[in-house]
Amino acid sequence: MREPMTTAGTGDPPPKSGPGTRPGSAAWWLAREQEPVRQRRRRSLTLEAILDASMALLDTRGAAALTMRNLAEALDCTQASLYRHVRNREELVTLLVDRTLGVASSVPPDGADWAEKAAWSARLFREHLLRHPGVASLLRGTERLGPNSLAGREYSLELFIGAGLSPRLAAAVASSLATFVIGSVHFNLGLDASDSEEISHRRLLYRSRDAAAFPLLVQHADVLAEVGSDDEFEVGLNALLTGFRILIERENTTRD
């Protein structure tokens, strides 16, 4: 059996996963913990191998190509072998996304304060998503209930509660930071603002607008054409951290 979940003091029976249970929901994760581990055959397929192949498929062919048929072909196995580990594509995506979110709880450098740690983690998470745009397109902001996701949430709570926020505010702050990182990647998927040719075309586009309707775009065309996703991310990240500092100061003032 998997690690038994903790139910002491709740009085609630563990939920059972069925056809109507949405993959990624709390009920689905709780039920999954109660499922018996299937006996592995010698040299049999593993869930880790399936997730590795899924990530490779996403990286090379994109999210649309992530089908059970294509995955079986990539692993040189039958689709029935895959269904021993996941019931359908939605469950596969849920597990893949949870593993991706695990990078957000990586240990930051020693000696950093809460803001430096938060910034380091946010940049690391963004870099990971940019390297794997296929899985980035599958992320759902509300589906953060798997073991890796919860490890990331625990890390964030420790960071922001330690900085002085209440548990409620710490949870909201952590969620807003994660949402910002994911949103910044989604907004720029498939774009390369650093491409010199694209910058040149953008500059031409801005300059060619009607100056009466778009006076600032025309006037600042050269500068605006060079603003890329890295600039946008760093400005947004610094703005969030500045806001978090204000929240922490207010919390400390209220306690005093």
Side-chain angles (χ1 to χ4, degrees), residues 1-2 15-106 124-153 178-192 229:
M1 293 287 288
R2 291 185 173 87
K16 295 181 180 180
S17 179
T21 305
R22 178 173 54 83
S25 65
W28 184 84
W29 282 111
L30 288 169
R32 184 176 175 80
E33 291 178 353
Q34 300 304 304
E35 294 177 357
V37 177
R38 296 179 182 272
Q39 293 297 320
R40 294 182 180 176
R41 298 172 182 174
R42 188 178 180 182
R43 301 173 65 184
S44 67
L45 193 63
T46 65
L47 179 58
E48 285 304 306
I50 292 173
L51 295 179
D52 287 341
S54 299
M55 182 67 82
L57 194 60
L58 285 170
D59 288 344
T60 56
R61 298 175 58 185
L66 184 61
T67 65
M68 303 303 275
R69 175 180 294 181
N70 287 340
L71 187 55
E73 290 178 358
L75 288 165
D76 192 23
C77 69
T78 65
Q79 291 187 53
S81 298
L82 299 177
Y83 291 128
R84 286 177 57 84
H85 298 274
V86 290
R87 290 186 176 89
N88 49 44
R89 182 183 184 275
E90 190 174 3
E91 285 197 359
L92 173 66
V93 168
T94 296
L95 295 170
L96 189 61
V97 164
D98 180 66
R99 190 167 77 160
T100 297
L101 291 173
V103 72
S105 58
S106 300
L124 180 69
F125 188 28
R126 176 175 179 260
E127 289 168 5
H128 182 73
L129 294 181
L130 290 175
R131 286 196 302 271
H132 303 286
V135 74
S137 67
L138 300 175
L139 285 172
R140 299 176 181 178
T142 58
E143 305 291 7
R144 298 196 296 271
L145 299 173
N148 291 304
S149 305
L150 292 181
R153 181 167 295 187
T179 301
F180 165 70
V181 175
I182 295 170
S184 72
V185 173
H186 277 179
F187 196 70
N188 291 285
L189 280 180
L191 302 179
D192 184 7
S229 58

Any non-hydrogen side-chain atom of [X] less than 4.5 Å from a side-chain atom of [Y]?
X      : Y      : value
Leu139 : Val185 : no
Gln79  : Leu71  : no
Arg126 : Ser229 : yes

Mind listing the closest non-hydrogen atom pair of [X] and [Y] along with its distance?
X      : Y     : value
Ala65  : Asn70 : O-ND2, 2.8 Å
Leu45  : Cys77 : CD2-SG, 3.9 Å
Leu66  : Val93 : CD2-CG2, 4.1 Å
Ser137 : Ala63 : OG-CB, 3.6 Å
Thr78  : Ala72 : C-CB, 4.0 Å

Next item on the list: Let me know which of Leu75, Leu96, Leu95 forms a side chain to side chain contact (heavy atoms under 4.5 Å, CB included) with Ile50.
Entry: Leu75
How many angstroms lie between [atom1] in [X] and [atom2] in [Y], if you round to the nearest 0.5 Å?
X      : Y      : atom1 : atom2 : answer
Arg99  : Glu48  : CZ    : CD    : 5.0 Å
Met55  : Arg131 : CE    : CZ    : 10.0 Å
Arg89  : Arg69  : CZ    : CZ    : 14.0 Å
Phe125 : Ile182 : CZ    : CD1   : 4.5 Å
Ser184 : Leu130 : OG    : CG    : 7.5 Å
Thr100 : Leu138 : OG1   : CG    : 8.5 Å

Next item on the list: Assess whether side chain to side chain contact (heavy atoms under 4.5 Å, CB included) is satisfied between Leu145 and Trp28, documenting all intermediate values.
Entry: CA-CA 10 Å; Leu145 299 173; Trp28 184 84; over 6 Å; no
Next item on the list: Show the numbers, then the answer: is there a side chain to side chain contact (heavy atoms under 4.5 Å, CB included) between Leu92 and Met68?
Entry: CA-CA 9 Å; Leu92 173 66; Met68 303 303 275; 4.2 Å; yes
Next item on the list: List the steps and the verdict of side chain to side chain contact (heavy atoms under 4.5 Å, CB included) for Leu129 and His186.
Entry: CA-CA 9 Å; Leu129 294 181; His186 277 179; over 6 Å; no
Check: Do side-chain atoms of Asn148 reach the backbone of Leu101 as a donor and acceptor pair under 3.5 angstrom?
Finding: no
Notebook entry, point to check: So, His132 side chain and Leu58 main chain: donor-acceptor pair closer than 3.5 Å or not?
Noted result: no
